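Since we're looking at a predicted model, the values are computed, not measured.
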Amino acid sequence: GDIAFRFINYVRSMRERQLQRKLKHHQNLSWQEISESYKEDKFKSLGDSQVVVCDINKEMLKVGKQKAQHLGYSEGLSWVLGNAEELPFDDDKFDVYTIAFGIRNVTRIDLALQEAYRVLKPGGRFLCLEFSHVSNPLLSRLYDLYSFQVIPVLGEVIAGDWKSYQYLVESIRRFPPQEELKAMIEDAGFFNVDYQNLNSGIVAIHSGFKL
């Protein structure tokens with residue numbers, strides 16, 4: 001949900017700028033005409049943009065909906081129960097596909113990537129935010145120590161759940177490193193595939209285009 005909210009904020013910001021430029025170039029309009037034009041454009045603050053949040057977990061969707069309601073997001077936002085390996089959407093439907101801290105948990109990453117490619121329009125962009133592998137050897141050893149010795153303990157102390165946080169750490173270590181995931185994205189059919197490491201590779205953003 002958080003990624004969807006940020007996208008909505010971005011679209012609203014872009015449309016606000018377009019509206020300001022539009023009004024700036026119509027110096028001869030009366031105040032009433034300016035006001036009516038502004039209200040009309042503000043009424044559809046997302047234009048024709050639509051955001052779809054898809055998750056396999058009903059409870060995650062429930063929490064997302066509650067957060068959206070609390071923050072005031074409703075226009076152009078829909079919630080769909082679905083599996084990333086078999087998305088309930090038509091071919092060539094979306095301009096952008098994002099997956100954040102989710103692809104690590106699918107059973108078949110290759111199927112999820114194929115589905116992402118299928119539902120994107122030609123020219124559409126794939127973006128994946130996920131935990132990855134640390135490039136610095138010293139930092140990597142410290143990160144491993146923190147991950148296996150501290151994170152599960154914190155999970156037990158704070159949330160009373162050792163196993164979930166142990167799984168978190170283990171799933172991160174099993175996840176393909178940056179270059180391997182890049183190759184998998186290319187194998188799915190994407191072009192101009194690249195990635196950006198954040199915090200020395202603790203997290204990485206992979207990007208590709210359907211051409």
Find out whether R104 and R174 are in side-chain contact, i.e. whether some heavy atom of one side chain is under 4.5 Å from a heavy atom of the other.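 R104 vs R174: side chains apart.
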Taking the side chain as everything from C-beta on, heavy atoms only, tell me whether R118 gets closer than 4.5 Å to L87.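 Yes, at least one pair of side-chain atoms sits under 4.5 Å.
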Contacts of [X] that satisfy ring pair (Phe, Tyr, Trp, His ring centres under 6.0 Å) - sequence neighbours left out:
X    : result
Y10  : none
F148 : none
Y73  : F5
Y97  : F126

Does [X] belong to the same Ile/Leu/Val/Met/Phe/Trp/Tyr cluster as [Y], with side-chain heavy atoms less than 4.5 Å apart forming each link?
X    : Y    : answer
F131 : V169 : yes
F101 : L181 : no
L111 : V80  : no
I3   : L77  : no
W79  : I8   : yes

Please report the closest heavy-atom contact between P88 and G82, naming both atoms and the distance.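 Looking at all heavy atoms of both residues, the shortest contact is CD-CA, 4.2 Å.
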Can you confirm whether D91 is buried at CG, in the sense that more than 12 heavy atoms of other residues, nucleotides or ligands lie under 6.0 Å from that atom?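 More than 12 within 6.0 Å, yes.
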More than 12 heavy atoms of other groups within 6.0 Å of F94 CZ: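 Atom CZ in F94 is packed in, count exceeds 12.
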[atom1]/[X] to [atom2]/[Y] distance, rounded to the nearest 0.5 angstrom?
X    : Y    : atom1 : atom2 : result
E130 : Q178 : CD    : CD    : 11.0 Å
H206 : D194 : NE2   : CG    : 8.5 Å
E75  : Q50  : CD    : CD    : 8.0 Å
Q114 : I185 : CD    : CD1   : 13.0 Å
I205 : L127 : CD1   : CG    : 7.5 Å
I172 : H133 : CD1   : NE2   : 9.0 Å

Which side chain to side chain donor-acceptor pair (under 3.5 Å) pairs, counting each pair once, include a residue from residues 136-152, with sequence neighbours left out?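 Checked against side chain to side chain donor-acceptor pair (under 3.5 Å) - neighbours excluded - the pairs reaching residues 136-152 are D144-R173, S147-R173.
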Please list all pairs passing the side chain to side chain donor-acceptor pair (under 3.5 Å) test where one or both residues lie in residues 150-162, with sequence neighbours left out.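 Pairs touching residues 150-162 that pass the test: D161-S164.
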Distance-only criterion, 3.5 Å: show the donor-acceptor pairs between side-chain atoms of residues 63-72 and protein atoms not counting sequence neighbours.
| from | atom 1 | to | atom 2 | distance (Å) |
| --- | --- | --- | --- | --- |
| K67 | NZ | D2 | OD1 | 2.8 |
| K67 | NZ | D2 | OD2 | 3.4 |

Residues in side-chain contact (heavy atoms from CB on, under 4.5 Å) with D92, at least two apart?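 Counting only residues at least two positions away or on another chain, D92 forms a side-chain contact (heavy atoms from CB on, under 4.5 Å) with P122, K210.
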For N192, what residues pass the side-chain contact (heavy atoms from CB on, under 4.5 Å) criterion, not counting sequence neighbours?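 Scan of N192 (side-chain contact (heavy atoms from CB on, under 4.5 Å), adjacent residues dropped) gives F209, L211.
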Residues that D187 engages under side-chain hydrogen bond (donor to acceptor under 3.5 Å, both in side chains), provided they are two or more places apart: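 Not a single residue meets the side-chain hydrogen bond (donor to acceptor under 3.5 Å, both in side chains) criterion with D187.
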Can you name the residues that form a side-chain hydrogen bond (donor to acceptor under 3.5 Å, both in side chains) with Y195, not counting sequence neighbours?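 With neighbours one apart ignored, the set is E179.
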May I have the list of side-chain donor-acceptor pairs in residues 53-62 shorter than 3.5 Å, sequence neighbours left out?
| from | atom 1 | to | atom 2 | distance (Å) |
| --- | --- | --- | --- | --- |
| D55 | OD1 | N57 | N | 2.8 |
| N57 | OD1 | E59 | N | 2.8 |
| N57 | OD1 | M60 | N | 3.3 |

List the steps and the verdict of side-chain contact (heavy atoms from CB on, under 4.5 Å) for F7 and T98. CA-CA 10 Å; F7 176 75; T98 69; over 6 Å; no
Polar side-chain atom of E85 near backbone of V106 as donor-acceptor pair, under 3.5 Å: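 Side chain of E85 to backbone of V106, a donor-acceptor pair under 3.5 Å: no, none is there.
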